[in-house]
Amino acid sequence: MALPMVSLGSAIFHSLPIPHTSHFVSRFPCHCSLSSHPSSSHFLRLPWGRESPSTRICASITDVSVDIAVEEKRLPKGETWSVHKFGGTCVGNSSRIKNVADIIINDDSERKIVVVSAMSKVTDMMYDLIDKAQSRDESYVSALDVVLEKHSSTAYDLIAGEDLAAFLSQLHQDISDLKAMLQAIYIAGHATESFTEFVVGHGELWSAQMLSLVIKKQGIDCKWMDAREVLIVKPTRSDRVDPDYLESERRLEKWYSLNPSDVIVATGFIASTPQNIPTTLKRDGSDFSAAIMGALFKARQVTIWTDVDGVYSADPRKVADAVILKTLSYQEAWEMSYFGANVLHPRTITPVIRYGIPIIIRNIFNLSSSGTMICHPSIIDDEDKLISKNYVKGFATIDNVALVNVEGTGMAGVPGTASAIFSAVKEVGANVIMISQASSEHSVCFAVPEKEVKAVAEVLQSLFHGALDAGRLSQVAILPNCSILAAVGQKMASTPGVSATLFEALAKANINVRAVAQGCSEYNITVVVKREDSIKALRAVHSRFYLSRTTIAMGIIGPGLIGSTLIDQLSDQAAVLKDELNIDLRVMGIMGSKLMLLDDDKGINLEKWRELREEKGEVANLEKFVQNVHGNHFIPNTVLVDCTADSVIASNYEGWLCKGIHVITPNKKANSGPLDEYLKLRALQRQSYTHYFYEATVGAGLPIISTLRGLLETGDRILQIEGIFSGTLSYIFNNFKNGRLFSEVVAEARDAGYTEPDPRDDLSGTDVARKVIILARESGLKLELCDIPVENLVPEPLRGSASAQEFMQQLPKFDEELAEKLKDAERGGEVLRYVGVVDVRNRKGIVELRRYKKDDPFAQVSGSDNMIAFRTTRYKTQPLIVRGPGAGAQVTAAGIFSDILRLASYLGAPS
């Protein structure tokens, strides 16, 4: 059969073959006929866009040429129906189609309508056929054979006998007809939209027929529905159609009257126009089909079967700790899907809202998971117990976005400026994702996809050329390489502090916000950040709202005695930190003076770090080390822990803090160094969310700094701080008694490991002086280290000794002086203690050997304990005393560990 003339775009072809008419007729399970005259029935028009004057393909529900009485049966609507939708992955092969059939058969709903997509990748294959044909690529023929083979082999696996023969016969006829249509497209070099949509919809027709036959094979009455007979849609623009519910409902009633069944398998994705021309619901149309069917049947629920366990609180590929949300309101789901979350297309939700029909997202590969229910807010209860503060349900991001900023004083108070801007943007077909405008009307800022920003910039430059030249507008600026981050939650509305928490989390992660938008509904807060910060920002806010662990990237410098002890403590507590405190500490680097060990993702295995350093260690390079620890854009927070006593390392603190890197250290060099450098560090800490903690610089693991801060912050006034700050000197003077020689006690302390390798480092008093200057500065005194008088216990002639060994050999020659001091003290009922004093009232400090009565708290210190006494306006008569071990690797490492946990708490970990 041939059509005298068929128009394809701008080309005209004579006597092109029309695809076999049975192709169209067989799409309808009712009787159809070819008629040379119109009847009261509606007609399925060919995708050429016009009818042949002599021939129409009748999609009539009654065959005008055959008089058959049909008893009509009314469609029962309501909660007896449940809708199931299966995507391409779910019906990707024969075993998966069998699995779908089992799910349908085992579903206890009284009536079921099943909406199916084409088999996995088939829709893409069909689009590819169109592309090849209109590109005049002859490989469309072999590509069509692949489509035939895919469905033929699947059918052989699933069905047999007459059903198989009938399906294969129809399949071969469809392929033959498609080949003729593709040949026409090949000749024309162009495919109309109608041709394209007719071709690509075949995948659904084939998968629906096969699934219905598999269910039918199990003895269950099952009908399949070509949705083009029922779903009528009105095109509104190239990428969208609107359902005609009244007409669709009328046609559904008619269809069901001739095809009554409790199980119906319907094609997703495809529909017809009011003129009966085949069309599609565009991309993601199968979900939309299911929702429309749910509305038409007024079903109890619509279940969307997919390959994930439900809707996550964030993209699990970006946030490993993202959780499955048990429930979402329609509005929350709509907001999240608009902002890029893999939930549903926003339009999918629209049909079911009217009737309050829940949508359930479930995983076909994990039937034990209950999935996510999207429903009316009144149905949602406290099911999301995994989220302690459920104001924010989830987060979503859109990448590859550009900001456009139109700015100028001439905009303020001028009506129509915004209208002109967005009319121009509409003209170039750009999609505006978000809009932000200050109340001063000085500027309008909006986000568009990056691929569209060039056209937007050009049209705005042209539109406002005169205003720019006259100075009424100052600029049309483009900020490329952006991402949008949206926080969504219905309970955010009217809840104070949600925005503050969000922005605080971003600030603590050192992320700059470029633009902000929030609607008056308060269901979402949208921010624009740099694209490189997108994942870091997502993880920071997700963590802050208690949806996931507070993750910190850590670098440890100086794996000596204290550093290695800290690493062991971190290793021992890793599981407790994750499971009980929700803290994920990832050591991304360990650097010593010669070697460093780096990791760029999950963190170093702390149980094997020594072996790994020997195996994979590389030459130490501080710049590379810092870049590795801080350069991971997926972890929102970075901390460097300096366990050295190196002034060169300490000189880098300011630069690290400026980069947003937190610093924790027992190294006294920075805080006791030049005063102006110390003041810069403190100013940086106050001016930003970057933290600098140094509790272990004074008193090792004792809470000296935090106690002092607490007194000052609560309004107390410090009068004097007096203390035994050296565990080494505490041990020496606790044992320097009863006539023992000073050199003997020093040798004993050295052998026991209480002193530095060279005891002069302890006896010089410099370490105590550094602690005194730190406390003096914390108390508000602006003193330099040289302002502190220090009583040096190293005899002057021995200060220049070549080695520690030589010093120890010569020290007994100078025992007499200290022995005399000890006798004088003992005669007065006193003891000797080496102390540091901060005299705040007189604005000075001192380090010296003092005598104390035996009933004084300082006289009662034992072993290597430290003791610090705070005299304040509140604690004037009886000082506040902190006492305990002030030296040793275990307690010093514990002090550093405590600072790490304090940092985690500040960054959002529950305390």
Side-chain angles (χ1 to χ4, degrees), residues 507-510 552-560 562-563 566 585 587-593 596 598 620-632 635-700 704-706 708-709 766-767 769-778 782-785 892-893 895-904 906-907:
K508 287 182 176 180
N510 202 38
I552 303 174
M554 183 185 301
I556 298 176
I557 304 171
I562 292 173
L566 172 64
L585 298 177
V587 178
M588 313 301 287
I590 300 172
M591 189 181 84
S593 58
M596 65 181 181
L598 304 177
N621 180 307
L622 184 59
E623 184 178 349
K624 182 178 179 182
F625 176 84
V626 174
Q627 176 58 35
N628 183 81
V629 176
H630 185 54
N632 189 324
I635 300 179
N637 309 295
T638 304
V639 61
L640 291 175
V641 181
D642 174 20
C643 296
T644 73
D646 192 326
S647 58
V648 175
I649 299 294
S651 67
N652 288 278
Y653 293 176
E654 181 184 352
W656 294 343
L657 292 169
C658 287
K659 291 179 180 178
I661 301 172
H662 308 285
V663 177
I664 294 173
T665 185
N667 186 343
K668 294 177 276 292
K669 297 296 173 63
N671 285 11
S672 62
L675 178 63
D676 59 338
E677 295 298 323
Y678 165 81
L679 294 175
K680 283 181 184 178
L681 292 177
R682 290 304 310 274
L684 273 173
Q685 187 178 21
R686 285 191 294 268
Q687 292 166 9
S688 70
Y689 283 97
T690 308
H691 297 283
Y692 172 43
F693 294 148
Y694 41 88
E695 183 70 73
T697 56
V698 181
I704 306 303
I705 301 289
S706 56
L708 175 56
R709 289 265 184 88
T766 303
D767 185 66
R770 289 188 181 278
K771 295 176 181 179
V772 168
I773 200 70
I774 290 170
L775 293 178
R777 290 172 174 178
E778 290 290 311
K782 295 183 178 180
L783 299 177
E784 295 284 5
L785 187 58
T892 304
I896 301 167
F897 201 163
S898 178
D899 273 348
I900 293 170
L901 295 182
R902 185 153 64 109
L903 173 64
Y906 284 5
L907 295 177

Rounded to the nearest 0.5 angstrom, the OG1-CG distance for T638 and N628 is 10.5 Å

Roughly how far apart are I556 CD1 and I562 CD1, rounded to 0.5 Å?
-> 12.5 Å

Report the C-alpha separation of T665 and Y692 in whole Å, then their side-chain angles, then the decisive distance to 0.1 Å, and conclude whether the side chain to side chain contact (heavy atoms under 4.5 Å, CB included) test is met.
-> CA-CA 8 Å; T665 185; Y692 172 43; 4.1 Å; yes

First locate atom CD1 of I896, then atom CG of L901, and finally report the distance between them rounded to the nearest 0.5 Å.
-> 12.0 Å

Correct closest heavy-atom pair for P559 and M591 would be CD-O, 3.1 Å

Heavy-atom nearest pair, A645 first then K669, reads O-NZ, 2.7 Å

Name the one of N667, L566, T892, I557 that satisfies side chain to side chain contact (heavy atoms under 4.5 Å, CB included) with C643?
-> L566

So does D767 pair up with K771, basic N to acidic O under 4.0 Å?
-> yes

Return yes if some donor-acceptor pair links the side-chain N/O of N510 with the main-chain N/O of K659 below 3.5 Å, else return no.
-> yes

Within a strict 4.5 Å, meaning less than it, do heavy atoms of the D642 and V663 side chains meet?
-> no

Point-to-point distance, once rounded to the nearest 0.5 Å, from OG1 of T690 to CG of L684 = 8.0 Å

4.5 Å side-chain heavy-atom contact, L785 and R770 | yes

If we only count heavy atoms from C-beta on, is the R777 to N671 side-chain gap below 4.5 Å?
-> no

Just say parallel, tilted or perpendicular for the rings of H691 and H662, cut-offs at 30° and 60°.
-> parallel

What distance separates S672 OG from E784 CD, expressed to the nearest 0.5 Å?
-> 10.0 Å

Minimum heavy-atom distance L907-K508, with the two atoms named = CD2-CB, 3.8 Å

Given L681 and E677, is the side chain to side chain contact (heavy atoms under 4.5 Å, CB included) satisfied, shown in steps?
-> CA-CA 6 Å; L681 292 177; E677 295 298 323; 5.8 Å; no

Residue pair G895 / A696: nearest heavy atoms and the distance that separates them | C-CB, 4.4 Å

Take Y906 and F693, measure what ring pair (Phe, Tyr, Trp, His ring centres under 6.0 Å) needs, and give me the verdict at the end.
-> CA-CA 12 Å; Y906 284 5; F693 294 148; 5.6 Å; yes

Do the side-chain N and O atoms of E778 and Y678 include a donor-acceptor pair separated by under 3.5 angstrom?
-> yes

Roughly how far, to the nearest 0.5 Å, is CG of L775 from CG of L708?
-> 6.0 Å

What one should report as the nearest heavy-atom pair of T644 and D646 is OG1-N, 3.1 Å

Show your reasoning for whether side chain to side chain contact (heavy atoms under 4.5 Å, CB included) applies to E623 and Q627.
-> CA-CA 6 Å; E623 184 178 349; Q627 176 58 35; 5.8 Å; no

Taking all atoms of both residues into account, what is the closest heavy-atom pair of V639 and V629, and its distance?
-> O-CG1, 4.5 Å

Indicate yes or no: does R902 engage D899 in a salt bridge with an N to O separation below 4.0 Å.
-> yes

